[in-house]
Amino acid sequence: MSQLSSARYGKDNVRLYKVDRDENAGTQSVVEQTVCCLLEGDIDTSFTRADNSVVVATDTQKQTIYILAKQNPISPPEKFAAVISNHMVSTYPHIHAAHVKIIQHRWTRMTIDGKPHPHSFYRDGEEIRVVESVARENEGISIRSKIEKLLVLKSTGSAFYGFHRDEYTQLPETWDRILSTEVEAGWQWKLFKSLSDLNSIDFDGAWKAARDITMKTFATDNSASVQNTMYKMCEQILAAVPAVEAVDYSLPNKHYFEIDLSWHKGLKNTGKDATVYAPQSNPNGLIQCTVTRKGPKAKL
Ligand SMILES: O=c1[nH]c(=O)c2[nH]c(=O)[nH]c2[nH]1
């Protein structure tokens, strides 16, 4: 005998573009997103007994996303994700949870002849802003915001020494190394009881603060390790955004290896003479942590 132990369904990769035309200023602003919406609830019979009466078609979910995008601001993405997830659980009595993920892509306004252009934009990197919202019937709306794919590198100002050594250790200590990572940073908001609870929150301000803190700490910290530098980032984001309960980072350590070229006419390219390095794609270190406010230790 078998049983359905969990089920979710919906539409993924719903691509959205919205333009805001400011007729007075003669400028336009654009937002592009990719939305995923997955529903949970009393839908078991659609899997087990071919009962489609409980199915809010994935096409209906897609149309709903377009309509809600027309009727509401889609920026900040946190609020739009909450609007969609809340709509799903409040419209369909048999749907008890809605998981909405929004990826917001970068369209940065062009500067032409030193002035911001009124309607032209460019993709200044693969960095994305991500939001995951879950609305649960009778519980509230949970929101997690993320920065992903922000690639950073510093050419000095990073060390790694004093680590545990034993018969398996080959890595030399270093007081000056290249540090590079692709930032994945997340921050979990306190649970919102209803949509109106979101009104007092500056989601764009928090995203900017998290991004600025990440970059400034990365650049200015005399890094002892990825672990210590990322902890400092978490602490500052918690201090800057009171409505955030937890901050997490997942940082790959993208290694750059020295190349010994002394075999060729005694070329000096190691230690303080190193200028040409070999960037490594794999394997890479991967360091992750979650930091919360002081109190009883949360279960991980
Ligand atoms: O910042 C670092 N943390 C580590 O845990 C580690 N391990 C390693 O080989 N290099 C590094 N660098």
Side-chain angles (χ1 to χ4, degrees), residues 125-130 144-188 206-241 244-263 267-295 297-300:
E126 292 310 308
E127 180 192 349
I128 47 177
R129 177 171 171 181
V130 179
R144 182 169 138 77
S145 306
K146 287 177 89 183
I147 292 167
E148 285 185 31
K149 299 188 182 176
L150 171 61
L151 192 55
V152 292
L153 177 147
K154 66 195 289 187
S155 52
T156 187
S158 165
F160 188 59
Y161 54 83
F163 48 88
H164 177 84
R165 299 199 79 86
D166 58 26
E167 69 268 35
Y168 298 101
T169 310
Q170 195 192 26
L171 186 74
E173 297 185 304
T174 178
W175 282 261
D176 185 9
R177 66 174 180 174
I178 295 161
L179 185 59
S180 178
T181 189
E182 188 178 278
V183 175
E184 188 180 317
W187 50 103
Q188 177 70 46
W207 172 80
K208 189 173 180 310
R211 195 167 181 270
D212 288 349
I213 287 166
T214 299
M215 295 233 233
K216 187 170 181 187
T217 308
F218 180 82
T220 59
D221 184 39
N222 211 347
S223 175
S225 62
V226 173
Q227 284 91 329
N228 184 237
T229 300
M230 72 205 284
Y231 183 75
K232 290 178 180 172
M233 294 172 180
C234 293
E235 277 185 313
Q236 291 175 74
I237 295 172
L238 282 174
V241 194
V244 160
E245 287 184 339
V247 179
D248 58 275
Y249 276 80
S250 178
L251 299 181
N253 190 358
K254 300 172 91 64
H255 308 298
Y256 286 69
F257 284 177
E258 283 190 4
I259 312 168
D260 184 353
L261 296 176
S262 60
W263 57 272
L267 263 183
K268 290 184 175 159
N269 192 51
T270 56
K272 65 175 180 17
D273 297 312
T275 52
V276 175
Y277 292 79
Q280 305 294 300
S281 28
N282 55 59
N284 57 270
L286 181 62
I287 324 282
Q288 303 178 326
C289 74
T290 301
V291 179
T292 53
R293 296 179 193 283
K294 261 224 164 80
K297 218 173 190 174
K299 263 199 197 136
L300 291 179

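Counting starts at 1 for both ligands and their atoms, in listed order. Residue numbers run from 1 in the order of the sequence given. All figures in this text were calculated on a predicted structure; none of them were measured in a lab.
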> With a cut-off of 4.0 Å, which atoms of ligand 1 are near a heavy atom of Ser225?
Replying inline: 1 (O)
> When you measure from atom 3 (N) of ligand 1 to every protein heavy atom, which one gives the shortest distance, and what is it?
Replying inline: Gln227 OE1, 2.9 Å
Ignoring hydrogens and angles, write down the donor-acceptor pairs under 3.5 Å from the side chains of residues 274-281, residues two or more places apart or on other chains.
{"residue": "Gln280", "atom": "NE2", "partner": "Ala278", "partner atom": "O", "Å": "2.9"}

> What protein heavy atom sits nearest atom 9 (O) of ligand 1, and how far away is it?
Replying inline: Leu171 CD2, 3.4 Å
> Got more than 12 heavy atoms from elsewhere within 6.0 Å of CD, Glu126?
Replying inline: no
> So, Thr156 versus Asp176: side-chain donor-acceptor pair below 3.5 Å or not?
Replying inline: yes
> Heavy atom of Arg177 under 4.0 Å from ligand 1?
Replying inline: yes
>> Using a 4.0 Å cutoff against the non-hydrogen atoms of Val226, which atoms of ligand 1 qualify?
In response: 1 (O), 2 (C)
> Mind checking what makes salt bridge (charged side-chain N to carboxylate O under 4.0 Å, His left out) contact with Lys149, not counting sequence neighbours?
Replying inline: none
> Nearest protein heavy-atom contact for atom 4 (C) of ligand 1: which residue, which atom, what distance?
Replying inline: Phe160 CZ, 3.4 Å
>> Using 0.5 Å steps for rounding, measure from the CE atom of Met233 to the CG atom of Asn228.
In response: 10.5 Å
>> Within a 6.0 Å radius of atom CD on Glu167, are there more than 12 heavy atoms belonging to other residues, nucleotides or ligands?
In response: yes
> For ligand 1, which atoms, with element, lie under 4.0 Å from some heavy atom of Asn253?
Replying inline: 2 (C), 11 (C), 12 (N)
